[in-house]
Structures are given as C-alpha cells and as structure tokens.
Amino acid sequence: MKITILTVGKIKESFYRQAVDEFKKRLSRYCKLEILEVADEKTPDHVSKAEKIQILEKEGQRLLKHIREEAWVCVLAIEGKMLDSVELSKQMEKLAIEGNSHLQFVIGGSLGISESVSCLADFKLSFSKMTFPHQLMRVVLLEQIYRSYRIMMKEPYHK
C-alpha cells in the first residue's frame, strides 16, 4: 500500500525531523510512504475573516494539485471523527481489503484546511478537540499509522 502524507508547511525543528525520519524508517517495511509538503502562506497576527479565507484557499489550491482521484483521502480536522488506535487500524485494513492501494492523509496549515480540500475527503479524522501544531501532527499521524500496521500484523508495540 502507498501512503501519502500531504501537508502544508515544512518542518523547522530538528527534533520533529528526527521523529519523522524514525517513523519513515519504521514504516518502510509495511508500506510505501511519501510525504509531500506544500508552501504555507504568511499569516498576519490579527488575520481578518476575509484574509483567513484567502490564505486557506491559496494553501488549498496547492494541496489540490497533489490529491489523486484514485486515492482514499483522509483530512485531519477538529470536527472529524475520533478513532482509537485499534479502530484506525481496522479502517486501514478494511480499505486495503477493499482494494484501496493509495491512502492520502491531509494536514492543513496553521489556520486549518480550505473547504475546497475538505469537501474531497472520504473521511475526516480528529485526534482531539484541541489544536496542535501541524509539525507535531505529522509526527503523531505517522506514529498512529505505524501503530496501525503493528496492530494489523499482530506485532507487539508499547501501550
């Protein structure tokens, strides 16, 4: 299976990069992993509603260039459905059994994700009602994908 993490912005801190690299290495035995980054827009401190929409749409247009029609698309969103690790694993396993060979997970930027991207989602996933930095969410998502494969393969992994 191919898994694409499609995300707005680059990882700036080295400790996040190290964590991402570690999970990329661990996941290499289970899937073909691709991480695609699109540029984020500079956001003023006191952004107006109109500016927010404009920024989201610019980032959204960049994301849309990479969303594949044949892929199952999961957008990370606060308003999405919360799953535990076993449920996520079962969802991924079900998708594979159904013949979905490409999963795309989309992480928005600091303001979230545009409606033009959100409406293409086959599934909206929420990790919490809290807001997290997109750099940290990349690490958390990769860890949960790795945990999902370990669960699917009935391999031990710390709790």
Side-chain angles (χ1 to χ4, degrees), residues 1-11 13 15-40 56 59-159:
M1 179 174 288
K2 179 178 180 180
I3 294 185
T4 301
I5 309 295
L6 182 51
T7 183
V8 174
K10 295 189 179 299
I11 290 194
E13 288 85 1
F15 58 91
Y16 286 136
R17 276 195 303 272
Q18 290 168 348
V20 166
D21 289 343
E22 178 62 27
F23 283 111
K24 283 168 62 176
K25 183 174 77 174
R26 291 181 186 192
L27 279 164
S28 67
R29 65 184 281 224
Y30 299 108
C31 64
K32 181 177 187 250
L33 179 67
E34 172 183 48
I35 298 177
L36 297 174
E37 299 172 331
V38 301
D40 55 348
L56 287 172
E59 292 173 348
Q61 290 305 312
R62 293 178 190 132
L63 290 168
L64 288 170
K65 291 177 184 174
H66 299 283
I67 293 177
R68 299 292 164 243
E69 191 174 309
E70 76 282 356
W72 182 85
V73 178
C74 177
V75 170
L76 274 59
I78 290 174
E79 72 277 3
K81 183 173 180 181
M82 287 190 214
L83 302 176
D84 65 28
S85 297
V86 172
E87 289 171 324
L88 179 60
S89 176
K90 286 180 180 177
Q91 176 72 21
M92 289 175 58
E93 187 171 32
K94 178 179 176 261
L95 289 165
I97 290 168
E98 291 172 349
N100 292 285
S101 60
H102 188 186
L103 308 184
Q104 288 189 307
F105 291 88
V106 184
I107 303 171
S110 62
L111 297 177
I113 202 144
S114 72
E115 183 58 33
S116 60
V117 174
S118 185
C119 72
L120 294 178
D122 295 299
F123 190 80
K124 292 180 185 170
L125 177 64
S126 174
F127 279 86
S128 171
K129 291 186 184 222
M130 292 185 252
T131 302
F132 295 101
H134 58 86
Q135 296 178 73
L136 178 59
M137 275 317 304
R138 191 181 315 187
V139 175
V140 172
L141 175 61
L142 287 167
E143 190 279 335
Q144 285 299 301
I145 293 169
Y146 174 68
R147 185 179 294 269
S148 291
Y149 276 108
R150 299 291 292 194
I151 292 168
M152 275 186 256
M153 303 300 178
K154 298 181 181 15
E155 298 171 346
Y157 190 60
H158 65 83
K159 294 184 179 188

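We use all heavy atoms of the structure for the numbers below, so side chains are in, but hydrogens, waters and symmetry mates are not.
Residue Leu64 holds its CG atom at 6.0 Å from CG of Leu120, rounded to the nearest 0.5 Å. Summarising the geometry, atom CD1 belonging to Ile35 is positioned 5.0 Å from atom CG belonging to Leu142; distances are rounded to the nearest 0.5 Å. For the atom pair OG1 (Thr7) and CZ (Arg138), the distance works out to 4.5 Å, reported to the nearest 0.5 Å. One finds the SG atom of Cys74 at 9.0 Å from the CD1 atom of Ile5 (value rounded to the nearest 0.5 Å). Here Phe105 contributes atom CZ and Leu6 contributes atom CG; the two are 12.0 Å apart, rounded to the nearest 0.5 Å. Interatomic distance, Leu125 CG to Ile107 CD1, rounded to the nearest 0.5 Å: 10.0 Å.
Looking at heavy atoms from C-beta onward, Ser116 lies in side-chain contact with Gln61 at the 4.5 angstrom threshold. Contact annotation: the side chain of Arg29 never approaches that of Met153 to less than 4.5 Å [non-hydrogen atoms, C-beta and beyond]. Here the side chains of Val140 and Phe127 are in contact, with some heavy-atom distance below 4.5 Å. Asp40 places a side-chain heavy atom less than 4.5 Å from the side chain of Glu59. With a 4.5 Å cut-off on side-chain heavy atoms, Leu33 and Phe23 do not count as touching. In this structure the side chain of Lys94 reaches within 4.5 angstrom of the side chain of Glu98, judged on heavy atoms. No side-chain heavy atom of Val73 sits under 4.5 Å from any side-chain heavy atom of Val117. Here the side chains of Ile113 and Leu63 are in contact, with some heavy-atom distance below 4.5 Å.
When all heavy atoms of Val75 and Ser118 are compared, the pair lying nearest together is CG2-CA, 4.4 Å. Of all heavy-atom pairs spanning Leu27 and Tyr146, the tightest one is CD2-CA, 3.6 Å. Scanning all heavy atoms of the two residues, the minimum distance from Met1 to Met92 falls at CE-O, 4.3 Å. Closest of all the heavy-atom pairs between Gln135 and Glu13 is OE1-OE1, 2.7 Å. Between Leu36 and Glu34, the closest heavy-atom pair is CD2-OE2, 3.8 Å. Taking each heavy atom of Val139 and Ala19 in turn, the nearest pair found is CG1-CB, 3.8 Å.
Of the charged side-chain nitrogens involved, none lies within less than 4.0 Å of a carboxylate oxygen, so that Glu87 and Lys81 do not count as a salt-bridged pair.
For Arg62 (side chain) and Ala39 (main-chain N/O), a donor-acceptor pair under 3.5 Å exists by modelled atom type. Ser89 places no side-chain N or O within 3.5 Å of a backbone atom of Ser85 that could act as its donor or acceptor partner.
By the side-chain contact (heavy atoms from CB on, under 4.5 Å) test, Gln91 is found to be paired with Trp72, Leu95, residues two or more places apart in sequence or in another chain being considered. Ala71 is linked by a side-chain contact (heavy atoms from CB on, under 4.5 Å) to Arg68, His102, Gln104, counting only residues two or more places apart in sequence or in another chain. By the side-chain contact (heavy atoms from CB on, under 4.5 Å) test, Lys25 pairs with Glu22, sequence neighbours left out.
Stacking of Arg150 on the aromatic ring of Tyr157 is not recorded, the 6.0 Å distance cut-off and the 45° axial limit not both being met.
Checked by atom type, the side-chain pair Glu79/Ser126 shows no donor-acceptor distance below 3.5 Å.
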### Worked check of side chain to side chain contact (heavy atoms under 4.5 Å, CB included) between Phe123 and Leu83
CA-CA 11 Å; Phe123 190 80; Leu83 302 176; 3.9 Å; yes
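Between Tyr30 and Tyr149, the ring planes are parallel. Angles under 30° get that label, and only those over 60° would be called perpendicular.
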